Amino acid sequence: MTFSRCDQSPAWAALRSHYEKAGQAFDLRSAFAADAGRFAAWSFEAPEVFADLSKNRVDAATLDLLLQLARDCGLESQREALFKGEPINHTEGRAVLHTALRAPAGEGLFSDEVQASLARMLAFAESVRDVASSGFRDIVHIGIGGSDLGPAMVVGALNAYTQAGQRLHFVSNVDGHDLAPVLRDLDPAKTLFVIASKTFTTQETLANALAAKAWFLKNGGSDVARHFVATSSNTEAAAAFGIHTSFGFWDWVGGRYSLWSVIGLPIAIAIGADHFRALLAGAHAMDQHFRQAPLAHNLPVLLGLIDIWYRNFHGFSSRSVAPYHQGLKRLPAYLQQLEMESNGKGVDREGQALPYGTSPVVWGEAGTNGQHAYFQMLHQGTDVIPVEFIAVKHTHHGPHIGGELAGLLQDQHSKLLANCLAQSQALMQGKTVEEALHEKAPTASKSLGALTVARHRSFPGNRPSTTLVLDELSPRSLGALIALYEHRVFVSGALWGINSFDQWGVELGKALCNSLLPRLSSGDTAGLDASTAGLLQRLRA
């Protein structure tokens, strides 16, 4: 099936003209002053997520052209191909069916196999959660990339839903400084290791698994088969390691989309089967919204189209994600892989070089920490960087919090929300030199003139942001939020005409690593460039 690339659509040229005539000079403050209903017009609801898009540099004319661009590129047909299991990952000849993993029984493709795998994984997770019977006080999950980022992010986000008396640890880096501190405080007799590697050949994961096994045996452990399990389809390799319990999955489950599969075992252990099913249900609800809602009211579509508008017309090459909830502190790192590994491509589906930019750099930090770090650049720096705020209306700390402490934490939550609102307001509103002149600046140097100080204290404003609001951070709402981001990435990739589901860019470094590893022992630098050879010798000395 062939689809038009975005720059082949008449809407692309129309968008360029619209940008030059109106988009480039668009001012958010003027837009709000001219339209009292702008917030209502640019607010959208999707399952579990409310989105305020009104502080973005878009108007009705911009949206009409972007929607036409989506239609010209066959977005709706591409979306249907995703859900129908067509091999849209054409460079690897695979379907992309993470949506099937969260469909209710009998509704998704491969439903019988998916439900059987889910039931087996959840039953095992429940047996581990029964600490009195299993004896497992600590679970160490060893993986990397999609096998680590998703589970680690979700477990951290849903900490309020975890049970007391059992701890989850995540190890991913091949650097021993990641594993060693985790092992230091563990009792081998009370520890379960989960080795997550689809092929059971991932270098970093196997290195950490072997080190963990050596520690286990040295410190009195004897039953490897009981204390080590694998989420892997390579049961032979796992068995050779000493693992008898393995949970496999399918080649249509990509690593960065795998938390919904048996890779989510640590999530299920942390929050339990019912909450894991709620996570799936939230994602499925967003799947249905993405598949069925009209494009003009489809939140993943709208976010993806704004991403195109900013990346290819405004030239914004970066986007910051600022979740105002400490539980979502790992979300920016998770989104980095989801978006940059998916859409960080330089050729289209036919292998032709692209004449336009694709994935922006995605980065961020939990609020309010980011305010005391990089927000200075967002407000007064020379680059315009769209910001995505995520606010959670109701706080939930778990059943162990009550009394005066609950009241104090609620007060802190109010401060958190006020900061979130203030930052998006400040980015848009800015501050003129004239306004700064009428303010007191007690910390300013007395040797500087008032005008000079005012210039330092002025803000350009008109800096765009999106605010996503969840009523609460629950398994269901988190599932919906993650699925929203997945589909948004699909939308922009579909219009750019790229394959969002392969990742050949990670292969070259792996291959070169394998060739360099023995050279660190031998010192052989034959055929290497001067820099690599010099660094290799420096690291051996």
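Not measured: the values here are computed from a predicted model.
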Q) Parallel, tilted or perpendicular for Phe389 and Tyr324, by the 30°/60° rule? A) tilted
What side-chain donor-acceptor pairs closer than 3.5 Å can you find for residues 263-281, not counting sequence neighbours?
none

Q) Within the side chain of Asn56, is there an N or O that forms a donor-acceptor pair under 3.5 Å with the backbone of Leu53? A) yes
Q. Can you check whether Glu472's main-chain N or O pairs, donor with acceptor, with Ser477's side chain at less than 3.5 Å?
A. yes
**Q.** Contact summary for Ser261 and Met121, nearest pair of heavy atoms
**A.** O-CE, 3.8 Å
Under 3.5 Å, sequence neighbours excluded: what are the donor-acceptor pairs made by side chains of residues 445-455?
from	atom 1	to	atom 2	distance (Å)
Ser445	OG	Ser447	N	3.2
Ser445	OG	Ser447	OG	2.8

Q.
A side-chain contact here means heavy atoms from C-beta on lying under 4.5 Å apart; do Ile195 and Thr231 qualify?
A. no
Q: Establish, yes or no, whether a centroid distance under 6.0 Å links the rings of Tyr334 and Tyr485.
A: no
Q: Check for a donor-acceptor pair, side chain of Arg102 on one end and backbone N or O of Ala285 on the other, with a separation under 3.5 Å.
A: no
**Q.** Heavy-atom side-chain proximity of Gln423 to His379 below 4.5 angstrom
**A.** yes
Q: Would you check if the side chain of Asn219 reaches a backbone N or O of Asp187 as a donor-acceptor pair within less than 3.5 Å?
A: no
Q) Are Ser172 and Asp178 close enough that some pair of their side-chain heavy atoms sits under 4.5 Å apart? A) yes
Q. How about Ile482 and Met153: do any of their side-chain heavy atoms sit closer than 4.5 Å?
A. yes
**Q.** Pairing residues for Glu45 by the side-chain hydrogen bond (donor to acceptor under 3.5 Å, both in side chains) criterion, not counting sequence neighbours
**A.** none
Q: May I ask you to decide if Phe459's main-chain N or O and Gln380's side chain share a donor-acceptor pair within less than 3.5 Å?
A: no
Q. Ignoring hydrogens and geometry, is there a side-chain-to-backbone donor-acceptor pair from Ser117 to Val114 under 3.5 Å?
A. no
Q) Will you find, in the side chains of Ser197 and Thr202, an N or O donor that is under 3.5 Å from an N or O acceptor? A) yes
Q | Min side-chain heavy-atom separation Glu486-Leu338 under 4.5 Å | A | yes
Q: Assign the ring pair Trp42 / Phe44 to parallel, tilted or perpendicular, where the plane angle (0 to 90°) is split at 30° and 60°.
A: perpendicular
Q) Can you say whether the rings of His227 and Phe136 are parallel (under 30°), tilted (30 to 60°) or perpendicular (over 60°)? A) perpendicular
Q. So Phe501 and Tyr257, would you call those rings parallel, tilted or perpendicular, with 30° and 60° as cut-offs?
A. tilted
Q) Does atom NE2 of His397 have more than 12 heavy-atom neighbours from other groups under 6.0 Å away? A) yes
Q: Would you tell me whether Ser318 and Asp383 have side-chain atoms, one donor and one acceptor, within less than 3.5 Å of each other?
A: no
(Q) Atom NZ of residue position Lys431 - does it have more than 12 heavy atoms of other residues, nucleotides or ligands inside 6.0 Å? (A) yes
Q. Under a 4.0 Å N-O cut-off, is there an ion pair linking Glu107 with Arg291?
A. no
Q.
Set out, in order, the CA-CA distance, both residues' side-chain angles and the distance that settles side-chain contact (heavy atoms from CB on, under 4.5 Å) for Asp287 and His487, then state yes or no.
A. CA-CA 8 Å; Asp287 293 342; His487 295 316; 2.7 Å; yes
Q. How about Glu404: does its CD atom have over 12 heavy atoms from other parts shown lying under 6.0 Å from it?
A. no
**Q.** Any side-chain heavy-atom pair of Arg319 and Asp307 under 4.5 Å
**A.** yes
